[in-house]
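Data block below; observations after.
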Amino acid sequence: MRKTKETHTFDFKPLGLAIREAREGAGLFRNDLGDKVFYGERHIADIENIGSHPSFQLFHDLVTMFNISVDEYFYPAEKVEKSTARRQIETSLDLLSDNELKIIKGQSTVS
(Lines give C-alpha, C1' and ligand atoms only; values in the text may rest on other atoms or scores of the structure.)
Protein backbone atom coordinates (compact mmCIF):
# COMPACT_ATOMS: atom_id res chain seq x y z
CA MET A 1 0.00 0.00 0.00
CA ARG A 2 1.32 3.37 -0.98
CA LYS A 3 1.61 6.13 1.61
CA THR A 4 0.28 9.56 0.80
CA LYS A 5 2.37 12.57 1.54
CA GLU A 6 0.80 15.14 3.82
CA THR A 7 1.05 18.53 2.17
CA HIS A 8 0.46 22.02 3.40
CA THR A 9 -1.28 24.48 1.13
CA PHE A 10 -0.31 28.10 1.44
CA ASP A 11 -3.01 30.76 1.14
CA PHE A 12 -1.30 33.43 -0.95
CA LYS A 13 -4.20 35.92 -0.73
CA PRO A 14 -2.83 37.96 2.23
CA LEU A 15 0.58 38.20 0.58
CA GLY A 16 -1.08 39.14 -2.72
CA LEU A 17 -2.91 41.92 -0.91
CA ALA A 18 0.38 43.16 0.59
CA ILE A 19 1.88 43.23 -2.90
CA ARG A 20 -1.10 45.23 -4.20
CA GLU A 21 -0.89 47.72 -1.31
CA ALA A 22 2.86 48.15 -1.86
CA ARG A 23 2.40 48.57 -5.62
CA GLU A 24 -0.28 51.20 -5.12
CA GLY A 25 1.82 52.90 -2.45
CA ALA A 26 4.66 53.13 -4.95
CA GLY A 27 2.29 54.75 -7.45
CA LEU A 28 2.53 51.89 -9.94
CA PHE A 29 -0.26 50.53 -12.09
CA ARG A 30 -0.39 46.79 -12.71
CA ASN A 31 0.87 47.19 -16.25
CA ASP A 32 3.83 49.25 -14.96
CA LEU A 33 4.72 46.51 -12.49
CA GLY A 34 4.20 43.84 -15.14
CA ASP A 35 6.67 45.65 -17.41
CA LYS A 36 9.24 45.77 -14.60
CA VAL A 37 8.99 42.05 -13.80
CA PHE A 38 8.24 40.86 -17.37
CA TYR A 39 4.75 39.51 -16.65
CA GLY A 40 1.35 40.53 -17.92
CA GLU A 41 -1.08 42.76 -16.07
CA ARG A 42 -3.60 39.88 -15.79
CA HIS A 43 -1.03 37.67 -14.03
CA ILE A 44 -0.24 40.46 -11.55
CA ALA A 45 -3.98 40.96 -10.96
CA ASP A 46 -4.47 37.23 -10.29
CA ILE A 47 -1.67 37.26 -7.70
CA GLU A 48 -3.07 40.35 -5.98
CA ASN A 49 -6.77 39.52 -6.12
CA ILE A 50 -7.20 35.76 -5.97
CA GLY A 51 -3.90 34.69 -4.46
CA SER A 52 -2.49 32.88 -7.49
CA HIS A 53 0.90 31.42 -6.67
CA PRO A 54 3.65 33.12 -8.67
CA SER A 55 6.83 31.40 -9.76
CA PHE A 56 9.58 31.51 -7.18
CA GLN A 57 11.52 34.06 -9.26
CA LEU A 58 8.52 36.38 -9.54
CA PHE A 59 7.75 35.93 -5.84
CA HIS A 60 11.34 36.89 -4.98
CA ASP A 61 11.26 39.88 -7.34
CA LEU A 62 8.02 41.23 -5.87
CA VAL A 63 8.84 40.85 -2.18
CA THR A 64 12.33 42.31 -2.59
CA MET A 65 11.12 45.15 -4.82
CA PHE A 66 8.56 46.21 -2.22
CA ASN A 67 10.47 45.18 0.94
CA ILE A 68 7.74 42.81 2.07
CA SER A 69 8.52 40.67 5.11
CA VAL A 70 7.49 37.15 4.11
CA ASP A 71 7.97 35.97 7.70
CA GLU A 72 4.74 37.78 8.61
CA TYR A 73 2.88 35.48 6.23
CA PHE A 74 4.85 32.24 6.57
CA TYR A 75 4.95 32.36 10.39
CA PRO A 76 1.97 34.50 11.44
CA ALA A 77 1.93 33.20 15.03
CA GLU A 78 5.52 34.29 15.68
CA LYS A 79 6.89 37.75 16.26
CA VAL A 80 8.89 38.76 13.21
CA GLU A 81 12.15 40.65 13.49
CA LYS A 82 11.11 43.34 10.99
CA SER A 83 7.59 43.84 9.70
CA THR A 84 6.82 44.92 6.16
CA ALA A 85 5.95 48.41 7.40
CA ARG A 86 9.28 48.71 9.24
CA ARG A 87 11.23 47.49 6.19
CA GLN A 88 9.46 49.97 3.91
CA ILE A 89 9.98 52.90 6.27
CA GLU A 90 13.67 52.05 6.73
CA THR A 91 14.11 51.93 2.96
CA SER A 92 12.50 55.37 2.65
CA LEU A 93 14.70 56.76 5.42
CA ASP A 94 17.81 55.42 3.70
CA LEU A 95 17.03 57.68 0.75
CA LEU A 96 17.09 60.85 2.87
CA SER A 97 20.08 63.11 3.46
CA ASP A 98 21.42 63.74 6.96
CA ASN A 99 19.83 67.22 6.93
CA GLU A 100 16.45 65.75 5.99
CA LEU A 101 16.79 63.22 8.80
CA LYS A 102 17.56 66.02 11.25
CA ILE A 103 14.37 67.81 10.19
CA ILE A 104 12.35 64.66 10.79
CA LYS A 105 14.01 64.18 14.14
CA GLY A 106 13.23 67.78 15.01
CA GLN A 107 16.74 69.13 15.22
CA SER A 108 17.86 72.42 13.75
CA THR A 109 20.07 72.16 10.65
CA VAL A 110 21.90 75.38 11.60
CA SER A 111 25.36 74.70 13.00
Inset, instruction - Report the relative orientation of the aromatic rings in Phe56 and Phe59; use parallel for angles under 30°, tilted for 30 to 60°, perpendicular for over 60°. - result: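 Ring orientation, 0 to 90° scale: tilted.
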
Same cluster or not: are [X] and [Y] linked, directly or through other Ile, Leu, Val, Met, Phe, Trp or Tyr residues, by side-chain heavy atoms under 4.5 angstrom apart?
X	Y	answer
Met65	Val70	yes
Leu28	Ile47	yes
Leu15	Val37	yes

Enter the distance from [X]:[atom1] to [Y]:[atom2] here, rounded to the nearest 0.5 Å.
X	Y	atom1	atom2	value
Leu62	Ile44	CG	CD1	5.5 Å
Lys82	Ile89	NZ	CD1	12.0 Å
Ile68	Ile19	CD1	CD1	5.0 Å
Tyr39	Gln57	OH	CD	7.5 Å
Leu33	His43	CG	NE2	10.5 Å
Asp35	Glu41	CG	CD	9.5 Å

Legend entry - Carboxylate-amine/guanidinium contact Asp46 Arg42, below 4.0 Å: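 Between Arg42 and Asp46 there is a salt bridge, with a charged N closer than 4.0 Å to a carboxylate O.
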
So, do [X] and [Y] sit near enough that their side-chain heavy atoms are less than 4.5 Å apart?
X	Y	answer
Ile104	Glu100	no
Glu90	Asn67	no
Lys102	Asn99	yes
Ser69	Arg87	yes

Legend entry - Contact summary for Phe12 and Pro54, nearest pair of heavy atoms: CZ-CD, 3.6 Å

Legend entry - Phe66 backbone acceptor or donor facing Gln88 side chain under 3.5 Å: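 Indeed, once roles are kept as given, a pair shorter than 3.5 Å links the two residues.
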
Legend entry - Heavy-atom donor-acceptor pair, His53 side chain to Phe10 backbone, under 3.5 Å: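 Yes; judged by distance alone, with no hydrogens or angles, the pair exists.
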
Legend entry - More than 12 heavy atoms of other groups within 6.0 Å of Asp11 CG: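 Result for CG/Asp11: enclosed.
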
Legend entry - All pairs passing side-chain hydrogen bond (donor to acceptor under 3.5 Å, both in side chains) where residues 14-24 contributes a residue, at least two apart: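 Output for this query lists Arg20-Asn49, Arg23-Glu48.
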
